[in-house]
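Just so it is clear, the model here is predicted, and its values are computed rather than measured.
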Amino acid sequence: MMKSIPVWKQELSDGVHAARLASLYCCSPAETASEAARYTAVLDGLEKTFGSHAEAGLYSAPGRTEIGGNHTDHNNGVVIAAAVNLDIIAVVAKNDENVVRVISHGFGKIDDVNLRDLTPQPVEAEHSASLIRGVAAGIVKDGGKVGGFDCYTTSNVLRG
C-alpha cells in the first residue's frame, strides 16, 4: 500500500498500525513503539538520502533460521527453516528515472542499477547490484515490466 510519507509517519505515531506491528513482532500492541520508531527511521532515511517522494510503501521480510539442512536449500536439497521475529524493513518509492537505487542503513554505498541495460555487469559481481539487475532481467524475461525506484532498508537480523 502506497501512502505519502507524512501520512505514514502520522499513522505510526498515532498507533494506527500497532496491531499489525504486534502480529509481525510477536508482542502486544502496547509494545510496538520501538517497531514504529524503526519504520519512521526508514522513512526518514529515504527522504534524507533520496529527497522527497509523493508516495512510498513499507515492507518487511522476516529473517529465518535453519533448523536442519543448513545451506542445502540452494543446492537442490531439503531444509527445515523457520521465520523469526527479526527482519529487514524497507521503504520503497517510485522514481521516473528507470533506475533502481538501494541503500541499507549503516552501509555508505548506494547500489545504483540502470534498468535500460539488464545484461550482467562484471564490475557488479558479488555485489547487491548484480542481484537487483538479475531479478529485473528475470522479470522482463518472463514478460513482466520493471521501473525505477528508490529504496532505503534497515535490518535487525544478525550478520553472519
Original post:
Where do T32 and E35 land on the side chain to side chain donor-acceptor pair (under 3.5 Å) test, with the steps shown first?
Top reply: CA-CA 5 Å; T32 61; E35 299 306 334; over 6 Å; no

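- Contact between Q121 and D117 at its shortest, heavy atoms only, is NE2-OD2, 3.3 Å.
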Given the rule in the side-chain contact (heavy atoms from CB on, under 4.5 Å) test, do D111 and E124 qualify, once you have shown the distances and angles that lead to the verdict? CA-CA 10 Å; D111 288 304; E124 293 174 352; over 6 Å; no

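- Expressed to the nearest 0.5 Å, how far OG1 of T154 lies from CG of N156 amounts to 7.5 Å.
- With hydrophobic clusters built from ILVMFWY side chains whose heavy atoms lie under 4.5 angstrom apart, F149 shares a cluster with I132.
- Here D112 does not pair with R101 in a salt bridge; the nearest charged N to carboxylate O distance is not below 4.0 Å.
- Among pairs with a residue in residues 4-37, those fulfilling ring-ring contact (aromatic ring centres under 6.0 Å, His included) read W8-H17, at least two apart in sequence or across chains.
- The CD1 atom of I110 sits 13.0 Å away from atom OG of S128, with the distance rounded to the nearest 0.5 Å.
- When side chains are defined from C-beta on, H105 does not count as touching T153, because their heavy atoms never get closer than 4.5 Å.
- What you find for P122 and P120 is that their closest heavy atoms are CD-O, 3.8 Å.
- Both V102 and I139 sit in one connected hydrophobic cluster of ILVMFWY residues. Membership requires side-chain heavy atoms under 4.5 Å apart, directly or through other members.
- Distance CG/N85 to SG/C27: 8.0 Å, rounded to 0.5 Å.
- Side-chain atoms of N95 come within 3.5 Å of backbone atoms of V99 as a donor-acceptor pair (strictly under, hydrogens ignored).
- The backbone N or O of F107 sits nowhere less than 3.5 Å from a side-chain atom of S104 that would complete a donor-acceptor pair.
- Placement of I103 and V91 within a single hydrophobic cluster is found when ILVMFWY residues are connected by side-chain heavy-atom separations under 4.5 Å, directly or transitively.
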Side chain to side chain donor-acceptor pair (under 3.5 Å) evaluation trace for T49 with E47
CA-CA 6 Å; T49 305; E47 287 185 307; over 6 Å; no

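- Here the shortest heavy-atom pairing between L115 and A136 reads CD2-CB, 3.8 Å.
- Neither side chain, S13 nor E11, offers a donor N or O lying under 3.5 Å from an acceptor on the other.
- Under the 4.5 Å side-chain heavy-atom criterion for Ile, Leu, Val, Met, Phe, Trp and Tyr, I89 and L43 are members of the same hydrophobic cluster.
- Not one N or O on the side chain of D142 forms a donor-acceptor pair closer than 3.5 Å with the backbone of G144.
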Which pairs would a plain distance check flag for residues 56-63, meaning a side-chain donor or acceptor within less than 3.5 Å of a matching protein atom at least two apart in sequence or in another chain?
residue	atom	partner	partner atom	Å
S60	OG	D87	OD2	2.6

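- Among all heavy-atom pairs drawn from P29 and A22, the shortest one is N-CB, 3.6 Å.
- Taking 4.5 Å as the limit, some side-chain heavy atom of K9 sits within range of a side-chain heavy atom of D44.
- A salt bridge is absent between K3 and E55; no separation between the charged side-chain nitrogens and carboxylate oxygens falls under 4.0 Å.
- Y39 and V16 end up in different hydrophobic clusters when Ile, Leu, Val, Met, Phe, Trp and Tyr side chains are linked at under 4.5 Å.
- With no hydrogens or angles considered, a side-chain donor-acceptor pair links H53 and D150 at under 3.5 Å.
- Nearest heavy atoms, M2 versus V92: CE-O, 3.9 Å.
- Distance CD/E31 to SG/C26: 11.0 Å, rounded to 0.5 Å.
- With rounding to the nearest 0.5 angstrom, the CZ atom of R64 is 14.0 Å from the CG atom of L86.
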